[in-house]
There are 2 protein chains.
Amino acid sequence: MAQPNTQIRMMEQARGRASFDSNNMAEIIYGSKGAVDRHNAAFQRIERALGTDDNSKLPPTYGDMNRQELLLEGLRAGKITFEDGVDHNCDRFHYASHLGVMANSNPFGLTHVLFIPFVKLQGTDEQIANWIPLAESGKIIGSYTQTELAHGSFVGGIETTATFDKETDEFIIHSPTLTSTNLKMSYNGTDNGYAIFNHVRIPRTNLFMRHCKVARDGSYTSSPLRQKLVFGGMLSGRALMIRCAGFQLAQALTIVTRYSTVRQQGSSSSVGHEKAIINYKHQHSGLLSLIAKSYMTILAWKSANNFYSKLKVHQKNGDHSMLPYIHMEARKMCGGHGYIVISGLPDIVNSVTAMCTFEGENYVMWGQVARYMLKGLEALPVPKDMAYMSCYDCSYRHQGCGTNGEQFLDHGVLIEIFQRRAARLANEVHNLVKASESSGKSRLEAENIHGLQLMVAGRAHIEVFILSESIAQLAMLPASTPVSIKTVLHRLVSLFGLTTIASSLSPFSSSFLGDGYLTTSHFNEMRDRIDFLLEALLPDAIALTDAWCFSDANLASAIGCADGDVYTRLLSWTRQLSINVEAEKNGRVFKKGWEEYMKPFLNRDLSHLDIKAKL
Amino acid sequence: MAQPNTQIRMMEQARGRASFDSNNMAEIIYGSKGAVDRHNAAFQRIERALGTDDNSKLPPTYGDMNRQELLLEGLRAGKITFEDGVDHNCDRFHYASHLGVMANSNPFGLTHVLFIPFVKLQGTDEQIANWIPLAESGKIIGSYTQTELAHGSFVGGIETTATFDKETDEFIIHSPTLTSTNLKMSYNGTDNGYAIFNHVRIPRTNLFMRHCKVARDGSYTSSPLRQKLVFGGMLSGRALMIRCAGFQLAQALTIVTRYSTVRQQGSSSSVGHEKAIINYKHQHSGLLSLIAKSYMTILAWKSANNFYSKLKVHQKNGDHSMLPYIHMEARKMCGGHGYIVISGLPDIVNSVTAMCTFEGENYVMWGQVARYMLKGLEALPVPKDMAYMSCYDCSYRHQGCGTNGEQFLDHGVLIEIFQRRAARLANEVHNLVKASESSGKSRLEAENIHGLQLMVAGRAHIEVFILSESIAQLAMLPASTPVSIKTVLHRLVSLFGLTTIASSLSPFSSSFLGDGYLTTSHFNEMRDRIDFLLEALLPDAIALTDAWCFSDANLASAIGCADGDVYTRLLSWTRQLSINVEAEKNGRVFKKGWEEYMKPFLNRDLSHLDIKAKL
């Protein structure tokens with residue numbers, strides 16, 4: 001082909017308009033140039049091994065696979081990625097890819113995401129020394145079961161029994177009822193299976209005994225910190241979840257941003273003038289707001305990682321003083337990853353949606369955060385992460401916030417608005433709950449009655465966390481970071497803050513309005529700032545998504561191709577569908593469908609209907 | 001089995017708590033007892049013919065079908081439902097079922113939903129007399145293509161050519177470029193195909209010539225009303241879409257409501273006391289708000305149908321005076337069906353999401369409604385459906401609405417609040433657009449700049465329409481309607497209105513706050529009324545979903561079964577997955593996966609890694 005087509009040219013031009021170098025941004029995201037290179041090299045190796053590196057080919061899973069074949073393809077992908085990780089001693093970052101969806105929901109992913117962290121967390125030194133090298137190298141594969149068919153968060157309801165048999169020094173694991181079945185169900189195309197234990201015997205010493213012990217005589221002892229220590233360990237899994245959610249949203253956004261950059265649309269009133277749909281305000285605003293959220297999530301993941309590393313160092317030295325905050329951080333992170341999920345693209349990233357319910361319905365998590373806050377408000381001193389709440393007098397009705405215009409771009413101003421709202425909402429719901437208690441309800445009932453307000457308050461606190469952690473991450477950027485990168489990240493944080501408060505489409509906007517501090521006039525001023533940021537960031541949309549370093553194979557999307565040549569690929573992939581390949585050979589007829597259904601239908605005897613029209 | 005299990009008992013008790021007879025409600029929904037009976041009988045016949053009437057069997061499409069097999073299953077279902085409709089002369093209501101998703105996206109559905117209405121609309125009397133009996137009886141199957149790969153709403157950009165050949169009296173249809181390919185793509189499992197025309201000849205007389213003509217000499221004439229007449233015809237398709245969207249949301253809600261009625265959940269703090277999750281405030285409130293929306297949508301569909309019938313009568317008499325309102329009605333309906341989509345369950349009903357983009361992105365529709373409103377505000381007199389806007393002085397800043405407490409349950413009060421908001425938002429955005437025009441922007445640019453505010457204003461107008469049509473439908477209930485039914489419908493309308501305004505989770509809540517008429521204190525009062533309605537409606541949740549008359553086969557959901565026996569069915573269906581059936585025969589091992597991937601992985605030579613741990 002001689003000339004690049006319209007879409008390729010549009011994409012080239014869009015890429016050329018960026019204010020910064022997407023490679024520099026990738027280094028911020030992945031930590032260093034070396035990390036970016038390792039990431040890209042791993043993807044290339046894996047895609048070559050999988051045979052998905054030729055973008056002109058329809059991805060195998062989109063073809064004509066049934067459930068069994070999809071499962072086998074998932075096993076193949078999992079085996080290849082796991083072995084690549086072992087052989088090249090590299091981070092299994094690729095679990096956060098579309099292909100990874102299969103991988104992390106099959107044995108290869110499960111052993112990495114759940115089994116290994118739990119052995120490390122709950123195993124004795126001896127158990128760890130023995131099992132971890134075997135699991136990490138792939139000599140053994142671990143599984144993980146926790147909930148039962150009829151029981152989730154209520155651990156006390158679990159029906160499966162583990163009975164100690166003193167004589168043989170074994171536990172007997174047993175599922176007495178149908179409802180005690182361990183059933184794994186979620187991703188389609190993976191092996192939806194179940195475990196029913198019929199008096200299965202395991203040696204007593206196979207119990208992970210770091211924080212609790214069953215002695216030879218059957219006596220049970222446990223560390224008073226056990227529950228919190230276990231929770232702390234879950235933090236790493238949750239940091240992984242927030243990363244996966246952030247990057248999966250990023251994948252979806254990369255696809256939509258690229259397509260929106262080359263897809264032209266007009267209406268009968270636009271008189272011959274079609275423009276790329278990213279220029280339409282709704283798309284423009286929606287995409288950049290979500291890109292900002294995705295960046296915030298990735299920054300929050302970096303924070304969570306730092307936090308977890310610090311925790312591990314402390315705990316190694318026997319210092320458990322960070323434990324009181326762990327519950328909260330873990331829950332906020334769950335709230336956080338769910339938080340981005342509801343932001344608009346659930347139908348594109350089904351697996352993010354599944355992730356959103358890993359730990360119970362997401363709103364429930366917000367509720368838990370809020371319940372922790374209620375306790376915090378009654379504690380002395382208030383927990384560290386809630387200290388900001390005492391800076392504001394929430395009973396006071398304001399004359400209005402004095403900030404205006406450009407000042408709303410300031411991160412300090414935004415943090416104050418977010419904190420003030422969270423403090424007020426926490427106090428309001430606290431008063432509501434206390435009032436219900438005074439009228440004779442139990443705390444549990446009172447919390448349920450005001451469940452919605454609790455969630456909104458919990459979410460507000462999570463948003464303070466996400467905003468402040470993102471700002472903290474910006475402050476920690478290396479001195480060598482180009483100004484252009486700092487500028488665009490600063491804008492993304494402002495955009496995130498302002499759209500959360502004042503976008504016409506923001507779901508919790510009205511929760512910023514309760515006390516007269518902000519008014520709808522402020523909203524109008526903020527909307528002008530949002531418009532300014534949207535204009536400033538528009539030329540960077542493609543570079544912001546390029547920086548995530550998704551390869552075409554990784555996105556596995558006809559309309560998300562990096563070069564913009566969407567229609568060529570769309571048609572090429574469609575032609576490769578087995579139905580079309582076969583039809584092409586049979587005079588462009590899908591023979592089976594025609595012979596079995598269409599022909600008999602059209603030739604059906606309808607003489608009883610007395611139709612006079614002629615064919 | 002002797003005793004019904006816990007879940008079955010919970011469902012029986014829940015059903016027993018209803019304040020009304022769900023059969024009576026079904027008669028309101030479907031129009032009469034006769035209609036309900038015909039509906040149920042048709043479903044039974046079709047399910048028997050499909051072999052899906054045995055609920056203990058895993059639905060075939062959930063098993064191990066690949067894309068081709070899914071397509072064939074769709075053809076089989078389409079053929080069976082179409083033939084049933086012909087043989088029993090019944091409404092093809094079943095298109096609004098899960099099975100129907102396949103049916104309406106394959107030839108059997110397409111001919112019914114698009115081809116037949118278009119022939120009726122655009123064909124001459126002669127063409128209609130000839131083609132319609134053939135199409136309705138199934139002697140011919142019609143298709144429909146409109147958009148091209150690179151062109152949607154911008155009709156002027158269409159590249160396909162139809163050249164009149166005077167000599168042969170034929171049109172030559174041709175696709176000159178790749179981007180002019182007609183490509184149908186949406187539902188998975190249907191035949192994603194495409195049409196490329198290579199100088200295809202069709203007789204001139206095959207052009208549908210009711211509203212435009214190409215004469216023997218090639219000269220073109222058209223009715224000045226053509227565009228609006230064509231639009232009017234699309235109204236029937238849109239009424240169908242709103243019905244499908246309403247009932248598909250209803251299906252999802254039936255599943256979730258039933259599961260929420262028998263699924264128990266607790267937390268470590270609930271000390272041995274698990275309760276059905278419908279009792280948790282978030283679930284309770286979310287489900288009932290959505291049930292209310294689904295009822296509103298179904299009522300709006302009934303309104304739309306009435307409107308369309310009236311229109312047809314008028315037009316038959318050559319009276320086109322209703323035409324000016326048709327554009328608007330059609331667009332509001334599209335806005336309406338999209339409206340319910342964003343309400344929270346898109347991941348459950350993927351096909352509703354697809355429907356939401358049938359006519360371009362849904363927000364675009366809201367924008368179109370708003371653009372019509374801008375024109376309307378500048379017209380004299382204002383269009384009939386916008387007349388309410390002139391009742392309110394939108395420049396006036398209020399001291400606050402005088403309504404309180406119980407009064408917020410009143411439908412008249414709610415309508416006033418909705419109308420006042422829509423009027424204000426329309427005026428605000430109108431002023432913004434005019435201001436941008438004064439600063440030198442074109443109308444088109446100005447509308448794009450204020451695109452988000454336009455959408456919110458458009459949505460507000462659509463919500464006035466949905467609320468007022470629902471109230472109008474209630475007023476038209478037959479005198480014989482039981483009081484219990486009237487009461488529950490009245491409550492649903494109030495709940496819809498109040499949650500839209502004041503729920504902590506309502507997305508556009510803040511748009512009710514702009515002019516000081518309502519304040520957050522009013523919101524708090526409304527939330528008390530919402531709590532009252534939620535308590536009052538909770539015992540009716542199951543009956544409200546039973547009234548939609550979905551059979552178990554129709555829902556095709558393990559967790560949505562009518563008798564509540566979810567865990568038995570869940571496990572039974574899982575056991576029927578071919579992977580599990582095969583594994584059962586092979587010592588509970590999925591042999592192919594084990595032999596091809598797991599075994600070689602575990603036996604891989606890892607001597608280079610020097611692992612000392614023992615297996």
Using a 4.5 angstrom heavy-atom cutoff, name the option from B/His450, B/Glu582, B/Arg443, B/Gln7 with the most pairs to chain A. B/Glu582
If I measure from the heavy atoms of chain A, does B/Arg588 come under 4.5 Å with its side chain, its backbone, both, or neither? neither
What residues form a ring pair (Phe, Tyr, Trp, His ring centres under 6.0 Å) with A/Phe601, not counting sequence neighbours? B/Phe82, B/Phe108
Check: B/Lys592 and A/Leu71 side chains under 4.5 Å, non-hydrogen atoms: no
B/Glu596 and A/Leu75: side chain to side chain contact (heavy atoms under 4.5 Å, CB included), yes or no, with the steps? CA-CA 9 Å; B/Glu596 284 182 33; A/Leu75 290 177; over 6 Å; no
So, do B/Asn448 and A/Lys281 sit near enough that their side-chain heavy atoms are less than 4.5 Å apart? yes
Evaluate the side-chain proximity of A/Met598 to B/Lys79: yes if any heavy-atom separation is below 4.5 Å, no if none is. no
Given that the side chain runs from C-beta out, which part of A/His284 has a heavy atom under 4.5 Å from chain B: side chain, backbone, both or neither? neither
Drop me the distance from A/Ser578's OG to B/Gln68's CD, to the nearest 0.5 angstrom. 4.0 Å
Separation between OG (B/Ser509) and CG (A/Leu513), nearest 0.5 Å, reads 9.0 Å
Side chains of B/Thr520 and A/Asp515 in contact at under 4.5 Å (non-hydrogen atoms): no
Rounded to the nearest 0.5 Å, what separates atom CD1 in B/Ile449 from atom CG in A/Leu534? 12.0 Å
To the nearest 0.5 angstrom, please state how far the CE atom of A/Met455 sits from the OG atom of B/Ser285. 8.0 Å
Whatever's closer than 4.5 Å to a heavy atom in chain A on B/Glu447 counts as neither
From the list B/Pro133, B/Gly451, B/Ala129, B/Ser504, the residue making the most non-hydrogen contacts under 4.5 Å with chain A is B/Ser504
Assert top hit (heavy-atom pairs under 4.5 Å, partner chain A, pool B/Met65, B/Arg76, B/Glu69) equals B/Arg76
Less than 4.5 Å apart, any side-chain heavy atom of A/Ile196 and any of B/Leu571? yes
Side chain proximity check, B/Asp87 to A/Arg604, heavy atoms < 4.5 angstrom: yes
Could you go through the side chain to side chain contact (heavy atoms under 4.5 Å, CB included) check for A/Lys139 and B/Leu606 one step at a time? CA-CA 8 Å; A/Lys139 269 287 134 196; B/Leu606 291 175; 3.8 Å; yes
Give, for atom CG of B/Asn524 and atom CD of A/Gln453, the distance between the pair rounded to the nearest 0.5 Å. 8.0 Å
Do B/Leu72 and A/Phe590 come close enough that some side-chain heavy atom pair is under 4.5 Å? yes
B/Leu602, part contacting chain A, at a heavy-atom distance under 4.5 Å: both
Would you give the length of the straight line joining atom NE2 of A/His608 to atom OG of B/Ser137, rounded to the nearest 0.5 angstrom? 9.0 Å
Whatever's closer than 4.5 Å to a heavy atom in chain B on A/Asn279 counts as backbone
Flag the one option from B/Ile141, B/Asp531, B/Val566 with the top tally of heavy-atom pairs under 4.5 Å to chain A. B/Ile141
